[in-house]
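Quick note on labels: first sequence line is chain A, next is B, and so on, each numbered from 1.
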Amino acid sequence: MINVTIETGQWAKAYLAERVMQISLPQGTQAGNLASVLAIGEDDAGAVIVNGSIAKPGQILQDGDKIKMLASIIGG
Amino acid sequence: MIYKDYIRVLNVDMASERIYIDERQDLMPYLGGVGVAAKLLEENMRADLPPLAPEQPIVFAIGAMETVYPVITKVVAMFISPLTGELGESYAGGRMGMTMFQAGFDAIVITGRAVRPTYLAITDTDVVFRDSRVFWGTGSGEVGRHIREYEQDQGSKLSIIRIGEAGENLVRFACVSVDRYRHFGRLGLGAVFGSKQLKAISLDGNRSMPIQNYAPYFKVMRELYKKATESGLMSKYHDLGTPVNVEPLSAIGALPTLNLQSGTYEHADKISGEEFASAHLVRKLACVGCPVGCIHIGSYRRTFAEHGYEYESVEVGYDYELIFSLGSYLGIDNTRDVLELIEEVEVCGMDAMSTGVALGWATEALEKGLVGLDDTLVDLKFGQSQAYRKAVRYMSGAENEFYRNLGYGVKHASSVYGGEDFAMHIAGNEMAGYHTGYAAIAGAAVGARHSHLCNGGYSIDQGLKDPDIDIDDMANAILEEEVERNLYNSLIMCLFARKIYDRDTVIRALSAIGQELTDEDLSAITKRIYATKLRIKKALNFDLSEVRLPKRFFETPSMHGKLDEARTYEIIERYKEMIAEMEAFT
């Protein structure tokens with residue numbers, strides 16, 4: 001398991017208890033799969049920022065990563 | 001049109017102050033909304049005359065399910081756009097759809113120029129041409145308050161649509177304000193009002209909802225209401241609303257910033273949806289018939305006298321597009337200044353997106369010496385909101401030659417002063433707030449009205465796993481969405497609700513109010529409407545091959561990196577080939 005810090009916003013209140021949380025994830029978790037691992041609706045979760053940079057396709061999360069999950073983009 | 005086999009059209013001639021009413025069975029194949037409006041525009045427009053000629057029509061239409069089901073809230077306006085010189089199409093919510101329905105009109109066609117400033121008072125029993133010389137020169141909010149007081153015997157549900165100073169001065173991107181917080185924003189309907197000396201329209205009526213068979217109606221109604229309120233599909237529009245987009249778009253490099261010199265704004269967190277909510281949000285409103293409530297109202301306090309402690313609170317509607325265009329695009333890094341700018345634009349009655357993009361271009365044109373301080377009158381600099389507030393007033397008032405040219409849009413202004421490479425328009429319409437990739441740019445170029453909402457190109461970009469998508473696939477994805485949206489816009493639903501209205505639901509909903517249509521019928525209707533729009537554009541001499549995009553779209557990296565200019569034009573050309581046969585569809 002790895003331990004990471006995840007920061008979200010008000011948009012994620014239906015899924016996560018706190019806006020900033022420390023959580024454990026299985027080794028090998030990809031940034032792109034984080035929403036499904038945390039059971040966050042695909043329509044609600046948007047870009048994932050890892051240590052200040054937008055996650056690349058297939059990027060594996062590492063122990064100690066600071067992650068910011070952004071809302072999906074909405075509109076007409 | 002509910003339970004009827006005809007479309008009831010109110011025709012108004014402003015010059016002679018005469019009206020007549022048609023009951024048109026032949027319009028039923030266009031369903032309602034944009035379909036009916038497009039056909040009426042095609043019939044009434046004069047392709048040989050300029051957009052602001054008195055003969056040119058303004059067409060309003062409500063949808064086939066207007067107000068009867070949840071989130072079916074919009075009215076469409078169609079006209080010849082004075083900004084682009086071709087098809088004008090714009091949508092607004094508020095109370096207007098309900099009041100048109102209750103007045104008994106599915107569509108309204110307005111032609112001619114009034115002999116004096118006039119406002120129309122339309123009810124189910126009368127149409128009155130009221131002298132409004134006293135209102136000429138007043139802001140859109142003020143005129144609305146006066147008309148409400150004057151027409152108050154009609155009741156509080158009255159809908160009032162009106163223009164501000166920009167419309168009177170024929171600013172080509174002047175908007176029409178609907179009630180307090182909604183707008184026909186894009187493409188200059190306000191200038192068309194101004195050209196007819198039409199200051200405002202008040203609408204009301206007492207017609208009731210003629211539901212005939214309650215059991216099937218309530219079954220569908222309850223299902224839709226539940227989806228809208230309980231499924232989570234709509235809650236994000238209520239919670240933070242579209243301002244939630246500011247931070248994610250900046251993070252992925254798609255937030256137009258400093259006249260699109262960048263797709264990332266270093267101060268995005270200071271003008272984010274959460275920042276607006278925590279600092280200013282005081283209430284949320286809904287259009288009539290919507291259980292969601294996505295209209296976010298922010299409040300700030302300002303002084304109204306130079307001495308003493310004299311304060312008033314100002315309430316302003318805000319959403320993502322306004323925050324991008326009057327925030328990141330101009331380098332404004334705090335919520336209070338953005339709200340003040342929104343309020344200024346609101347009072348003057350201009351489209352916020354075009355206004356912000358015009359000011360962004362003017363700022364760079366001044367920096368680069370293409371224009372001077374004697375043109376701009378104020379020292380326009382990114383981040384300087386007070387200078388921008390003055391410039392908004394100058395533009396709205398057509399203060400000098402420079403602001404008159406700027407009020408024609410950035411395509412025109414850059415043709416006069418130079419700076420075409422950073423005049424951020426697509427086919428004459430100032431860009432929207434999504435620098436997401438090929439589909440956003442090509443989609444707006446090929447879109448019937450050159451709006452990001454024609455086919456949601458930005459949404460197509462976001463769904464792409466591989467940005468190097470096949471050109472045919474992308475052109476096809478844009479075309480499919482462009483055509484399908486004619487169904488949503490003929491009903492007319494708020495596009496936020498499109499996920500709760502799938503085809504099967506639409507068929508059952510129409511059936512419950514007396515319109516039996518099949519899936520094939522709906523497909524034919526969408527193509528018929530699109531074909532009508534294509535014929536209008538052709539009559540107005542629009543040619544996709546002549547669209548030229550500013551270089552900056554290809555210099556500033558999008559969320560998918562730098563875009564290839566040639567590839568973008570290839571998508572546009574492929575789309576043109578795909579639609580070549582469609583305009584003959586009847």
Worksheet item: Using non-hydrogen atoms only, which part of B/Tyr320 is less than 4.5 Å away from chain A: side chain, backbone, both, or neither?
Response: neither
Worksheet item: Where does B/Glu247 contact chain A at under 4.5 Å (heavy atoms): side chain, backbone, both or neither?
Response: both
Worksheet item: If you count heavy-atom pairs under 4.5 Å between each of B/Asn245, B/Leu233, B/Leu495 and chain A, which one has the most?
Response: B/Asn245
Discussion item. Please classify the contact between B/Leu453 and chain A as side chain, backbone, both or neither, with a heavy-atom cut-off of under 4.5 Å.
Written reply: side chain
Practice prompt. Could you check if a side-chain atom of B/Met559 sits within less than 4.5 angstrom of a side-chain atom of A/Ile54, using non-hydrogen atoms only?
Written response: no
Fill in: Which atoms of B/Tyr488 approach chain A - backbone, side chain, both or neither, heavy atom under 4.5 Å
neither
Worksheet, complete the sentence: Expected contact set for residues 67-76 of chain A against chain B at heavy-atom separation under 4.5 Å reads A/Lys68, A/Leu70, A/Ala71, A/Ser72, A/Ile73, A/Ile74, A/Gly75, A/Gly76
